[in-house]
Protein chains: 2
Amino acid sequence: MQGKFDPLLLENQLCFPLYAAAKALVRRYEPFLEPLGLTYTQYIVMLVMWERKVASVNEIGERVHLDSGTLSPLLNKLVSKGFLEKTKGEDSRFRFIALTKSGEELRKRAESIPMQIGCCMDFTQEEATTLYTLCYKMLNQVS
Amino acid sequence: MQGKFDPLLLENQLCFPLYAAAKALVRRYEPFLEPLGLTYTQYIVMLVMWERKVASVNEIGERVHLDSGTLSPLLNKLVSKGFLEKTKGEDSRFRFIALTKSGEELRKRAESIPMQIGCCMDFTQEEATTLYTLCYKMLNQVS
DNA sequence: TCTAGATAAATTGTATGCAATATATTTATT
DNA sequence: AATAAATATATTGCATACAATTTATCTAGA
């Protein structure tokens with residue numbers, strides 16, 4: 001009478017809710033980011049730049065887990081929007097990406113976004129911390 | 001002496017570990033799926049088809065949280081690989097997607113993948129369940 | 001019955017992601 | 001100094017994602 005556990009049932013896979021929840025959360029950010037002229041991926045790059053002010057493409061990539069194939073065109077877009085500028089380093093293999101004044105000013109407009117996202121979610125602080133910790137544990141183990 | 005909490009620090013955002021962990025986990029699946037001729041997204045669609053045998057594009061889309069813009073070309077690829085076939089329904093606005101014999105056989109080769117992924121991760125059953133539950137909670141709240 | 005919505009799927013356009021390759025530059029070795 | 005290996009970034013090719021539009025078909029009301 002008891003059904004055998006099916007490992008291939010969508011609902012029995014941990015990967016799927018993680019994959020779907022991540023996509024859904026990114027989509028939730030987009031209406032808040034659109035007025036700033038940013039996509040979600042551009043936003044996480046800006047988070048790094050607001051903190052670092054200057055960084056090489058590699059340094060940004062390690063921080064956000066993206067490679068040059070994704071970052072090169074994305075950084076060009078942020079440069080053409082005026083939020084970043086790109087210069088060669090002494091070692092001219094490097095490109096140094098730097099925050100512009102316009103990029104710095106954008107920070108103020110982004111500051112309230114995390115709270116606005118958090119507000120409309122019914123997560124306790126403990127649940128959020130648990131999810132955060134387990135995601136980082138997953139990230140460390142699989143990447 | 002105490003630094004103010006910065007909501008825009010990458011490490012202070014819940015979205016980032018979720019986004020990065022999901023991408024990393026998907027990448028972890030790909031070497032196991034490549035011999036079967038599937039990408040990760042194609043795999044989750046096959047999970048639905050192994051369970052359902054027949055479904056409309058919309059039904060698949062609701063299940064995997066993807067729209068026709070993603071599914072139409074993806075289903076065409078699975079049809080051209082011989083795993084699925086597509087027929088018109090009575091109401092010819094619908095396309096009915098059905099599992100082929102070859103698609104059915106592929107199931108056996110996929111059966112061990114979830115365990116192989118799980119094995120190389122140091123997650124307790126409780127941690128996995130907690131992560132699973134919180135991701136579904138997130139998904140239900142933001143989508 | 002005729003036609004205005006409604007519905008399902010496909011198409012278009014833009015932006016990722018990432019593997020693999022190419023290019024440019026630097027460093028190490030002879 | 002000449003060149004092989006290493007390094008940083010850019011480019012290419014393929015596969016998503018998803019909003020917005022289009023196409024095809026169906027249904028309900030005049």
request  = Grab the NZ-P distance between A:K88 and D:dT9 for me, whole Å please.
outcome  = 12 Å
key: Atom-pair distance (CZ on A:F94; C1' on D:dT7), nearest Å   = 7 Å
query = Choosing from C:dC18, D:dT25, C:dA9, which nucleotide comes nearest the side chain of B:S92?
reply = D:dT25
request  = Using only heavy-atom distances, decide whether a donor-acceptor pair under 3.5 angstrom links the side-chain of B:R93 to the base of C:dT7.
outcome  = yes
inquiry  = Between B:K101 and B:E105, does any NZ, NE, NH1 or NH2 come within less than 4.0 Å of an OD or OE carboxylate oxygen?
reply    = no
message = Working note: B:H65 + B:L139, criterion side chain to side chain contact (heavy atoms under 4.5 Å, CB included); need CA distance, chi angles, decisive distance, verdict.
response = CA-CA 10 Å; B:H65 293 260; B:L139 182 57; 3.8 Å; yes
inquiry  = Quick check on C:dA10: is either OP1 or OP2 less than 4.0 Å from any side-chain nitrogen or oxygen of B:K86?
reply    = yes
ask   = Whole-Å distance between C:dA8 P and B:E90 CD?
value = 16 Å
request  = Kindly indicate, with the supporting measurements, whether the criterion side chain to side chain contact (heavy atoms under 4.5 Å, CB included) is fulfilled by B:Y40 and B:L25.
outcome  = CA-CA 10 Å; B:Y40 179 77; B:L25 185 54; over 6 Å; no
note = Rounded to whole Å, the CG-C1' distance (B:D67 to C:dG13) equals 13 Å
Atom-pair distance (CG on A:L66; C1' on D:dA10), nearest Å = 15 Å
key: Sugar-phosphate, base or nothing in reach of A:E59, heavy atoms under 4.0 Å   = nothing
ask   = Distance from B:Q42 atom CD to B:F83 atom CZ, nearest 0.5 Å?
value = 8.5 Å
task = Whole angstrom is fine here: how far is it from CD1 in B:I44 over to P in D:dA15?
result = 16 Å
ask   = For C:dA15, does either OP1 or OP2 sit under 4.0 Å from a side-chain N or O belonging to A:T41?
value = no
ask   = Start at the 5' end of DNA chain C and walk down; is the nucleotide closest to B:P73 or to A:G69 reached first?
value = B:P73
note = A:L74 atom CG is separated from D:dA10 atom P, nearest whole Å, by 12 Å
query = When the nearest nucleotide of DNA chain D is assigned to B:D91 and to A:T70 on a heavy-atom basis, which residue is associated with the more 5' position?
reply = A:T70
N/O (side chain, B:N58) to phosphate O (OP1/OP2, C:dT7) under 4.0 Å = no
ask   = To the nearest angstrom, how far is B:L75 atom CG from C:dT11 atom P?
value = 12 Å
task = Kindly point out which of C:dA9, D:dT9, D:dT16 is positioned nearest to the side chain of B:R95?
result = C:dA9
ask   = Reckon A:K77 has a side-chain N or O less than 4.0 Å from the OP1 or OP2 of C:dT16?
value = yes
ask   = So A:Y43 and A:W50, would you call those rings parallel, tilted or perpendicular, with 30° and 60° as cut-offs?
value = perpendicular
query = What does B:L71 touch in the nucleic acid at a heavy-atom separation under 4.0 angstrom: a base, only the sugar-phosphate, or nothing?
reply = nothing
ask   = So, are B:E11 and A:R63 salt-bridged, with charged N and O less than 4.0 Å apart?
value = yes
ask   = Among residues 15-38 of chain B, which residues get a heavy atom nearer than 4.0 Å to DNA chain C?
value = B:Y19, B:K23, B:R27
message = As a quick check of understanding, evaluate side chain to side chain contact (heavy atoms under 4.5 Å, CB included) for B:C135 and A:L131, giving each step before the final call.
response = CA-CA 8 Å; B:C135 283; A:L131 181 54; 4.2 Å; yes
By side-chain hydrogen bond (donor to acceptor under 3.5 Å, both in side chains) - contacts of B:Q116 (at least two apart) = B:S112
ask   = Taking OP1 and OP2 of D:dT9, is either one under 4.0 Å from a side-chain nitrogen or oxygen of A:S68?
value = no
